[in-house]
Amino acid sequence: MPATEFGGGHVALSDPVRLRLDIAYDGTEFTGWAAQDGHRTVAGVLDETLSTVFRVPVRLFAAGRTDSGVHATGQVAHVDIPADALGHAYPRHPRPGDPEFLPLIRRLARFLPEDVRVREITRAPAGFDARFSALRRHYVYRLSSAPYGVDPQLARYVTPWPRRLDVAAMTVASRELVGLHDFAAFCRHREGATTIRDLQRLDWEADSDMVTAFVTADAFCWSMVRSLVGALLAVGEGRRDSAWCATLLSEPQRSSAFAAAPARGLTLVGVDYPPDDELAARIAVTRDLRTL
């Protein structure tokens, strides 16, 4: 089998190389992550750019398929590149001491639009899958209850809220939602998808007029974070009491009793993975259909 020297070693030309990409984007002008014909999406822009750079069609797979208007500072994705195509991406090899893919990161910075950045590229360890290997995802949701709205520098990432919020009541209501539950009332329907999730963190922090939710789960179903925030805002405004959110966990489908919070305030900030020797086992757990 033919081989070529790359990055200090020899690899078979026919062997694909899996890369991990750490990505940030401003979701305002994107119709979400997933590629869609006729729409500008994060995956669509990245797939097209990477395909141009590597001179072969490629497809990214992400840890979280964020919705339209949702941002990310800690998105993780993987892509499989034919080994003989890696060299196409290199205007030069890294300088001694530089990370292996630093030239590629710099090249992508010139090709990509300003609202999406590839912050880091590394060779993925064996068994790594950006989506199915993940242990948990971390989101933050930001609101401002300032009477003037949101400072212009933050306006794309913070939701203006015209009413004061009782953060203490929202915190009490949030505690009843943490744990392994069926979150059907908080999820838009997706055929064949489970709505059972392990919600590991749902905390609120108030700093003057800025109110921030910290939300962590092993995985999230469609629109779940924004729906959780939307229900809790009803509590914060005094339209519902703190015990109400917990009653929604018994509902078998998406509740119409509240509206999902606007996408603007939501950001995916991180994804956790197990040690390299546990990646394959984690995939098996993630793919298993869960029950309560």
Side-chain angles (χ1 to χ4, degrees), residues 26-34 39 64-72 137 139-150 154-178 181-191 193-197 199 201-206 209-217 219-269:
D26 176 343
T28 307
E29 306 298 331
F30 288 107
T31 311
W33 167 270
H39 295 278
R65 291 174 289 186
T66 52
D67 294 339
S68 178
V70 176
H71 318 290
R137 286 89 169 159
Y139 283 86
V140 297
Y141 194 96
R142 299 181 177 93
L143 304 109
S144 171
S145 60
Y148 57 81
V150 181
L154 302 175
R156 293 166 74 95
Y157 317 109
V158 179
T159 298
W161 206 253
R163 293 169 290 279
R164 304 299 296 182
L165 295 168
D166 184 343
V167 176
M170 294 160 67
T171 298
V172 171
S174 297
R175 292 179 189 142
E176 300 302 315
L177 298 173
V178 173
H181 303 292
D182 188 338
F183 287 94
F186 300 92
C187 299
R188 292 174 63 182
H189 177 72
R190 178 170 280 156
E191 192 66 36
T194 181
T195 51
I196 298 172
R197 295 289 186 263
L199 184 62
R201 182 186 184 188
L202 182 50
D203 295 333
W204 292 88
E205 182 180 284
D209 295 314
M210 187 69 70
V211 178
T212 305
F214 301 89
V215 192
T216 297
F220 292 93
C221 49
W222 191 6
S223 197
M224 179 175 161
V225 181
R226 291 170 53 213
S227 295
L228 287 168
V229 172
L232 289 162
L233 287 173
V235 174
E237 291 184 346
R239 293 184 285 116
R240 300 283 187 171
D241 62 33
S242 295
W244 170 70
C245 285
T247 68
L248 296 171
L249 294 173
S250 62
E251 297 195 12
Q253 59 189 12
R254 176 73 170 87
S255 173
S256 60
F258 60 90
R264 179 194 307 192
L266 184 60
T267 302
L268 171 62
V269 296

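Numbers here simply count residues along the sequence, with the first being 1.
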Answer whether the closest heavy-atom distance between the side chains of [X] and [Y] falls below 4.5 Å.
X      : Y      : answer
His181 : Leu199 : no
Leu266 : Val229 : no
Asp209 : Arg164 : yes
Trp204 : Leu232 : yes
Tyr157 : Val140 : no

For [X] versus [Y], what's the shortest heavy-atom pair and its separation?
X      : Y      : value
Arg156 : His71  : O-NE2, 2.8 Å
Ala257 : Arg240 : CB-NH2, 3.9 Å
Arg197 : Thr194 : NH1-CG2, 3.2 Å
Leu249 : Glu176 : CD1-O, 3.9 Å
Ser227 : Arg254 : OG-NH2, 3.5 Å
Met224 : Cys187 : CB-SG, 4.0 Å

Distance (rounded to the nearest 0.5 Å) between [X] [atom1] and [Y] [atom2]:
X      : Y      : atom1 : atom2 : result
Thr267 : Tyr141 : OG1   : OH    : 9.5 Å
Thr216 : Leu202 : OG1   : CG    : 9.5 Å
Asp166 : Thr171 : CG    : OG1   : 8.5 Å
Met210 : Leu143 : CE    : CG    : 9.0 Å

Pair Arg264-Thr159, side-chain donor/acceptor within less than 3.5 Å:
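No, no side-chain donor-acceptor contact under 3.5 Å.
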Exercise. Does the gap between the ring centers of Phe186 and Phe258 come in under 6.0 Å?
Worked result: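 Ring-ring flag for Phe186/Phe258: true, centres closer than 6.0 Å.
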